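A quick write-up on the structure given underneath.
All values reported here derive from a predicted model rather than from experimental measurement.
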Amino acid sequence: MEASPATSSRTLDELENYLTSYSELPRELILKHDLLRVGHWFTDAALELASQSLVKSYRLFSYDLMPMKDMKRKEHRKIPEWFTIRRGMYGLRPVSIQTTLDSSSPYVIDAVDGRAKLLLDGKEICEVYFPKPLKYYTRKFDDGTAYHEIIAFGYFVTVFRNCQYWGPDEECRFCDINMNARQMKESKDFTFNAPVKPVDYMVEVARSIEQDATEEVGFAPPIDFLITGGTILKTLHGKDEVTFYSEYASALKWVGRRRFVNLQTNGQDKETMKRYRAAGVDCHHSNMEVWDKRLFEWINPGKNRRVGWDGWVRSMMDEVDVFGEGNVRPNFVGGVEMAKPYGFETVDEAVKSTSDGVDFMMRNGIIPRFNQWRREPGSNLVSQHPQSAIPLEYYLQLMGNYYNSWKKYNLPMPRRECVHPERRIGSGHGTYDDILLLNELPDYEAQWDRGYNEGLKGCVTN
């Protein structure tokens, strides 16, 4: 099938052509990629149905195709963190999708006979489920700070809300971390806007999450956390980057029981990684963002100047020796390879470059993640150059190659111990784990059902 125009349009016939042409891929992934690629919109009735769900945290980037100031109904405080598509005309298995707002999207979530449904061309495609809130989302500190703005959905801890890579000569060009922090503050709708989260706040929220999980399950279950934040070029609060993030990692790891700590930072030398390991880090994500060396230098000017492509690749390989196979999961911004004006001009070129990188990494025990590029308007790439949606073919071909390399090198299944039961089956902002779980987990739907219907206890005790 010919590549579709890189636009935000989509018709039902086009979608069905993709389902036919890429029949070797799970059809859930095809629809998910398109929903992330062009975003989606909520009617008033859908927002009402989602009003009691897990609210979107805007924890790092905005992941929206429109700025917060254009959300006239204050959608940013009403939409769910993710939603799940299921059943419908294509018999879909449940797959979660991170909410990505675009008022011009052809995909609309609406209420039909009192139930949330996904529509395309005004036709009902499938059922939609919203994530259930966690108990600690109702709690606040004495100063009014909501617990869930310290740790999102029981997992995600953005300890530094800014990045010291500033401006077009330093900041990653796809990134809107600084702009997102600014729009959150300007909205006056979030309870915590300081750039650095206090260690004691993080410790208290993690304790609360662990206590709720233990009470529900009957014993202390394994719990995953992720610590992330912007780059620290020199010092922050008198600490260099390694010392700053190690303090959070140690506090999160050793204050509780059976905790598995992920950390996202720059690529570093092996000795630095050993320091992180000693501090309590179990899995490291040195997010490279794009594989091609020429594009790495353009898209990541600060990372290129500080570490460089060769240094980054060497770091990821060293991390496997320190953290072990399956515990090195660098992120890539899938699709940014085709960004204007210097990205690859054809799908074939982009797919080959990134697939070669995937195969190289997996051959060395690295299991990369692909966070689908959302073309946030506050980023340098989108503010300086018109950026059309990346062709759907790119994502589908890349994920097929990703799965084949994972199988070839007999790599482990992704770890799935998030305290939110629905997050234990895949991640919302990409399909890198979905394709492994959908193809390899024999009781996939049964596990999702247990989490949705029985909560964390249903996941842990079965």
Side-chain angles (χ1 to χ4, degrees), residues 39-83 96-105 108-109 111 116 128 130-163 175-198 201-202 204-205 208-209 226 228-230 374-379 382-383 420 423 428-429:
H40 29 268
W41 195 237
F42 288 70
T43 65
D44 290 343
L47 286 179
E48 180 62 29
L49 288 178
S51 62
Q52 302 303 311
S53 66
L54 196 80
V55 68
K56 185 170 176 177
S57 59
Y58 288 88
R59 60 189 184 269
L60 191 61
F61 311 124
S62 69
Y63 298 111
D64 288 325
L65 279 73
M66 60 186 297
M68 207 173 277
K69 65 180 176 60
D70 291 344
M71 300 177 189
K72 305 306 181 185
R73 300 172 296 174
K74 287 189 176 289
E75 286 88 350
H76 57 284
R77 291 289 74 197
K78 297 177 181 178
I79 54 172
E81 186 79 69
W82 67 81
F83 59 92
S96 65
I97 298 160
Q98 187 177 35
T99 302
T100 300
L101 288 182
D102 187 351
S103 59
S104 65
S105 173
V108 176
I109 297 172
V128 170
F130 299 126
K132 295 179 180 179
L134 293 165
K135 189 185 296 185
Y136 83 96
Y137 265 55
T138 63
R139 298 177 187 137
K140 293 183 179 182
F141 289 94
D142 291 341
D143 64 4
T145 298
Y147 275 33
H148 67 84
E149 289 190 21
I150 301 299
I151 301 180
F153 51 89
Y155 173 73
F156 208 100
V157 198
T158 310
V159 298
F160 178 34
R161 285 290 294 113
N162 291 117
C163 180
C175 174
D176 77 337
I177 181 174
N178 291 323
M179 182 64 72
N180 185 46
R182 193 174 306 127
Q183 71 170 356
M184 289 174 69
K185 185 175 182 179
E186 290 173 351
S187 76
K188 298 181 172 60
D189 292 320
F190 296 83
T191 64
F192 189 84
N193 291 301
V196 177
K197 291 180 179 174
Y201 274 32
M202 178 194 70
E204 165 55 22
V205 177
S208 179
I209 291 167
L226 171 71
T228 188
R374 240 58 69 80
R375 297 177 293 125
E376 292 95 337
S379 65
V382 178
S383 65
H420 197 293
R423 283 275 305 186
H429 56 55

*asked:* Let's go through Phe153 and His420 carefully: what are the C-alpha distance in whole Å and the side-chain angles of both, what is the deciding distance for ring pair (Phe, Tyr, Trp, His ring centres under 6.0 Å) to 0.1 Å, and is it a yes or a no?
replied: CA-CA 6 Å; Phe153 51 89; His420 197 293; 7.7 Å; no
Is there a side-chain contact between [X] and [Y] (heavy atoms, below 4.5 Å)?
| X | Y | answer |
| --- | --- | --- |
| Pro198 | Phe192 | yes |
| Thr228 | Leu60 | yes |
| Met184 | Arg161 | yes |
| Ile79 | Leu101 | yes |
| Glu75 | Leu47 | yes |
| Arg139 | Val205 | no |
| Ser62 | Met68 | no |
| Thr138 | Tyr136 | no |

Gap between atom [atom2] of [Y] and atom [atom1] of [X] - 0.5 Å precision:
| X | Y | atom1 | atom2 | value |
| --- | --- | --- | --- | --- |
| Arg182 | Asn193 | CZ | CG | 12.5 Å |
| Phe42 | Met71 | CZ | CE | 11.0 Å |
| Ser104 | Leu65 | OG | CG | 8.0 Å |
| Ser187 | Arg77 | OG | CZ | 7.5 Å |
| Thr158 | Ile150 | OG1 | CD1 | 10.0 Å |
| Asn180 | Ser379 | CG | OG | 11.5 Å |

Return yes if a side-chain donor-acceptor contact under 3.5 Å exists between [X] and [Y], otherwise no.
| X | Y | answer |
| --- | --- | --- |
| Tyr58 | Asp64 | yes |
| Thr145 | Asp143 | yes |
| Tyr147 | Glu204 | yes |
| Thr100 | Arg374 | yes |
| Thr99 | Glu81 | no |
| Ser96 | Arg423 | no |
| Glu149 | Thr191 | yes |
| Asp102 | His40 | no |

*Mind checking what makes side-chain contact (heavy atoms from CB on, under 4.5 Å) contact with Val128, not counting sequence neighbours?*
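With sequence neighbours excluded, Val128 shows a side-chain contact (heavy atoms from CB on, under 4.5 Å) to Phe83, Ile109, Ala116, Leu118, Phe130, given in chain and number order.
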*Can you name the one residue among Lys78, Lys56, Lys74 that meets salt bridge (charged side-chain N to carboxylate O under 4.0 Å, His left out) with Asp189?*
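For Asp189, the salt bridge (charged side-chain N to carboxylate O under 4.0 Å, His left out) test succeeds with only one of Lys78, Lys56, Lys74, which is Lys74.
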*Check the surroundings of atom NZ in Lys132: do more than 12 heavy atoms from other residues, nucleotides or ligands lie under 6.0 Å from it?*
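Yes, because the 6.0 Å sphere around NZ of Lys132 holds more than 12 heavy atoms from other groups.
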*After noting the C-alpha distance and the side-chain angles of Ser103 and Met66, does the key distance pass the side-chain contact (heavy atoms from CB on, under 4.5 Å) rule?*
CA-CA 8 Å; Ser103 59; Met66 60 186 297; 4.2 Å; yes
